[in-house]
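First up is the structure itself, then whatever we jot down about it.
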Amino acid sequence: MTEPRWIIHLPTTLTSRDAAADLAAALARSLGHLNAVDFGETTLSEEDAQHLRHRVWCDQRLPEGGRCGLRNGHGGSCGATEPR
């Protein structure tokens, strides 16, 4: 049996989902060197609706391996990687 993974919930004072996604992207760029953080699984939720989560990254598996790194809901084909 594998050990459970832990989630860190990081509240912000931001009031828009786009601003929160921008902050998540900035944190990913800044802390991307940490192997302990899986930025591809980053989600956002409203403070009073934490059960309703919104993905930040597309994270679709790519045929050649790896995952799409563009924002969730991006236009065009998966494959290009946004810095994270």
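Sequential numbering from 1 along the given sequence is applied to the chain's residues.
Applying the salt bridge (charged side-chain N to carboxylate O under 4.0 Å, His left out) test to R5 and every residue at least two apart in sequence or in another chain returns D38. N72 meets the side-chain hydrogen bond (donor to acceptor under 3.5 Å, both in side chains) test with no other residue; sequence neighbours excluded. Under the side-chain hydrogen bond (donor to acceptor under 3.5 Å, both in side chains) criterion, H54 pairs with R17, not counting sequence neighbours. In this structure, R53 has no salt bridge (charged side-chain N to carboxylate O under 4.0 Å, His left out) partners at least two apart in sequence or on a different chain. The side-chain contact (heavy atoms from CB on, under 4.5 Å) check on L34 picks up L31, V37, with sequence neighbours excluded. With sequence neighbours left out, the side-chain contact (heavy atoms from CB on, under 4.5 Å) criterion links S16 to D18, A19.
The CG atom of L44 sits 9.5 Å away from the CG atom of L14 when rounded to the nearest 0.5 Å. For the atom pair CZ (R71) and CG (D59), the distance works out to 13.5 Å, reported to the nearest 0.5 Å.
A single hydrophobic cluster is seen to contain both L10 and L23, as judged by linkage of ILVMFWY side chains at heavy-atom distances under 4.5 Å, directly or through other members.
For the residue pair C78 and L62, the shortest heavy atom distance occurs at CB-CD2, 3.7 Å. Residues A25 and W57 come closest through the heavy atom pair CB-CH2, 3.8 Å. In terms of heavy atoms, T42 sits closest to A24 at CG2-CB, 4.0 Å. Closest of all the heavy-atom pairs between P11 and H9 is CD-O, 3.3 Å.
Of the possible polar contacts, one joining the R55 side chain to the G40 backbone as a donor-acceptor pair under 3.5 Å is found.
Heavy-atom neighbours of E46 CD from other residues, nucleotides or ligands within 6.0 Å: at or below the threshold of 12. Annotation for E64: atom CD counts as buried by contact number, over 12 foreign heavy atoms lying within 6.0 Å.
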